[in-house]
2 protein chains.
Amino acid sequence: MSCTKILLEKGYRVTPQRIMVVDALHSVETHISAEEIFNKLKEKYPYANISTVYRTLELLKELGLAAQIDIGDGIARYHAKEHSKHHHLVCNKCGTIIDLPETELVPLEKALLRNCRFKADLSHLAIFGICSNCQ
Amino acid sequence: MSCTKILLEKGYRVTPQRIMVVDALHSVETHISAEEIFNKLKEKYPYANISTVYRTLELLKELGLAAQIDIGDGIARYHAKEHSKHHHLVCNKCGTIIDLPETELVPLEKALLRNCRFKADLSHLAIFGICSNCQ
DNA sequence: GATGTAATTGCAAATGGTTGCAATTAATAT
DNA sequence: ATATTAATTGCAACCATTTGCAATTACATC
């Protein structure tokens, strides 16, 4: 199921700007910042607008089509959710980002539901610490 | 051990601005934003400066005296670390923040070290989801 | 295909937070 | 008590992101 189809189905308009943001997001396997998406867009369409990029990313996030991670440098990064579900281990020393399969957090998810009756959304999380190289 | 003593010991200066930020941070049991601290400061000392507030909070964080949480509204909040170690469960529907004792995350911490050789710093974390009332 | 309308965009201004740099000052040595 | 000096502050400019609003446009209906 493509992102644009889901947009249409949910009653959102499929505009050229939105198509270009979706394309840019899917053009990378890893995460990408709004600024980087904006620059890719401008190559094709010089009138591209940064606030529309942010608004589209926000919408994709709401629809569960994109995930946002914050690795602590003040710049939000995004990736298409279909590009594998995983978490991020961010090293506080060297900045390396290690991908962690989502299964690693299933026990925590269950414990929070059992002990706190809290339905945690642990679909994308950044965990900070020190990687094996830097220890 | 007071914050100001630790500052001195580590070779940092104890300035009036820093004392006031520390006081403001300790004056609340819960978390507080930089803006709120700044407003408290201005009541006492009208020449207070917001960038010094941010820099002091950053320093306290580095020294492990304060913790920062981001509950997803784009505003960073801080609390004195001695005010109990805990995590935050943030409800995506009603915005309620539930405190979670740190022991709840010990199994995850151990699993990450064992499986990924990653020394996670899970001292303060915000976990998003749906609280029991909103489910 | 033309028309109506609500969703979306583009702009400019605002927000929360950070930074470079010259001026000031807390702590140290005298 | 004074002088020295490196740490800290205050300012203004900057950055990433958000928002209000008027202009535009994708889609639905005829």
Side-chain angles (χ1 to χ4, degrees), chain A residues 2-22 24-25 31-42 44-63 65-78 126, chain B residues 2-22 24-25 31-42 44-63 65-78 126:
Chain A
S2 77
C3 288
T4 50
K5 254 187 187 168
I6 292 171
L7 281 173
L8 252 182
E9 252 173 33
K10 302 249 178 182
Y12 295 97
R13 286 200 207 154
V14 177
T15 64
Q17 287 258 32
R18 281 181 178 163
I19 295 169
M20 288 187 283
V21 171
V22 167
L25 190 67
H31 21 76
I32 184 171
S33 70
E35 192 76 33
E36 285 164 345
I37 290 178
F38 178 55
N39 287 332
K40 274 177 184 283
L41 241 100
K42 273 197 299 194
K44 281 191 195 176
Y45 171 56
Y47 302 110
N49 186 281
I50 188 85
S51 43
T52 304
V53 172
Y54 279 109
R55 279 192 278 227
T56 302
L57 289 168
E58 193 58 37
L59 178 62
L60 293 174
K61 240 171 70 191
E62 270 174 48
L63 296 177
L65 300 170
Q68 179 182 345
I69 57 154
D70 190 336
I71 65 161
D73 63 355
I75 298 169
R77 287 182 180 73
Y78 305 82
Chain B
S2 78
C3 288
T4 51
K5 255 188 187 167
I6 293 172
L7 282 172
L8 252 182
E9 253 173 35
K10 303 248 177 184
Y12 294 97
R13 284 203 210 150
V14 177
T15 63
Q17 286 258 29
R18 282 184 178 160
I19 294 169
M20 288 189 282
V21 170
V22 168
L25 190 67
H31 21 73
I32 184 170
S33 70
E35 193 76 32
E36 285 164 346
I37 290 178
F38 178 53
N39 288 333
K40 274 176 181 286
L41 241 98
K42 273 197 299 193
K44 282 192 197 177
Y45 171 55
Y47 300 109
N49 186 281
I50 188 86
S51 44
T52 303
V53 173
Y54 279 110
R55 280 192 277 227
T56 302
L57 289 168
E58 195 57 36
L59 177 63
L60 293 175
K61 239 170 71 191
E62 271 174 49
L63 296 178
L65 300 172
Q68 178 180 349
I69 58 155
D70 190 336
I71 66 161
D73 62 356
I75 299 170
R77 288 181 179 73
Y78 304 82

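Here is how names work: the chains are called A, B, and so on, in the same order as the sequence lines, proteins then strands, and each is numbered from 1.
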(message) From CG of A:Asp73 over to P of D:dA16, roughly how many Å is that when rounded to an integer?
(response) 10 Å

(request) Find the distance B:Met20:CE to C:dA26:P and express it as a whole number of Å. (result) 11 Å

(request) Using only side-chain N and O atoms of A:Thr15, determine if any of them is under 4.0 Å from OP1 or OP2 of D:dA26. (result) no

(message) Donor-acceptor check, side chain of B:Arg18 to backbone of B:Arg13, threshold 3.5 angstrom: yes or no?
(response) yes

(request) Specify the separation, in whole Å, of atom CD1 of B:Ile50 and atom C1' of D:dC14. (result) 16 Å

(message) Closest-nucleotide mapping onto DNA chain D: is B:Tyr12 or B:Ser51 further toward the 5' terminus? I mean the 5' end.
(response) B:Tyr12

(request) Kindly say if B:Arg55 contacts the phosphate of D:dT8, meaning a side-chain N or O under 4.0 Å from OP1 or OP2. (result) no

(request) Please check the phosphate of D:dG10 (OP1 and OP2 only) for any side-chain N or O of B:Tyr45 closer than 4.0 Å. (result) yes

(request) Starting at OG of B:Ser33, measure out to CG of B:Asn39 and round the result to the nearest 0.5 Å. (result) 8.0 Å

(message) With nearest nucleotide decided by heavy atoms, which residue, A:Tyr47 or B:Ala76, maps closer to the 5′ end of DNA chain C?
(response) A:Tyr47

(request) Return the value, rounded to whole Å, for the distance between atom CG of A:Leu7 and atom P of C:dA6. (result) 21 Å

(request) Verify salt bridge (Lys or Arg N to Asp or Glu O under 4.0 Å) between B:Lys61 and B:Glu58, making sure each step is shown before the conclusion. (result) CA-CA 5 Å; B:Lys61 239 170 71 191; B:Glu58 195 57 36; 3.3 Å; yes

(message) Measuring from the side chain of B:Gln17 (C-beta onward, heavy atoms only), which nucleotide among C:dA27, D:dC11, D:dT9 has the closest atom?
(response) D:dT9

(request) For A:Arg18 and for B:Glu58, find the nucleotide of DNA chain C with the closest heavy atom, then tell me which residue's nucleotide is more 5'. (result) A:Arg18

(message) OP1 or OP2 of D:dT18 versus the side-chain N and O atoms of A:Tyr54: is any pair under 4.0 Å?
(response) no

(request) Would you mind reading off the distance between A:Asp70 atom CG and C:dT18 atom P, rounded to a whole angstrom? (result) 11 Å

(request) Can you tell me the distance, in whole Å, between the CG atom of A:Leu59 and the C1' atom of D:dT18? (result) 16 Å

(request) Let me know the distance between CG of B:Asn49 and C1' of C:dG20, rounded to the nearest Å. (result) 14 Å

(request) Could you check how far CZ of A:Phe38 sits from P of C:dT9, rounded to whole Å? (result) 14 Å

(message) Counting only side-chain nitrogens and oxygens, does A:Arg13 get under 4.0 Å of the OP1 or OP2 atom of C:dA6?
(response) no

(request) Apply side chain to side chain contact (heavy atoms under 4.5 Å, CB included) to the pair B:Leu41 and B:Gln17, showing each step before the final yes or no. (result) CA-CA 8 Å; B:Leu41 241 98; B:Gln17 286 258 29; 3.4 Å; yes

(message) Tell me which one of B:Val21, B:Leu57, B:Val53, B:Ile69 satisfies side chain to side chain contact (heavy atoms under 4.5 Å, CB included) with B:Tyr78.
(response) B:Leu57

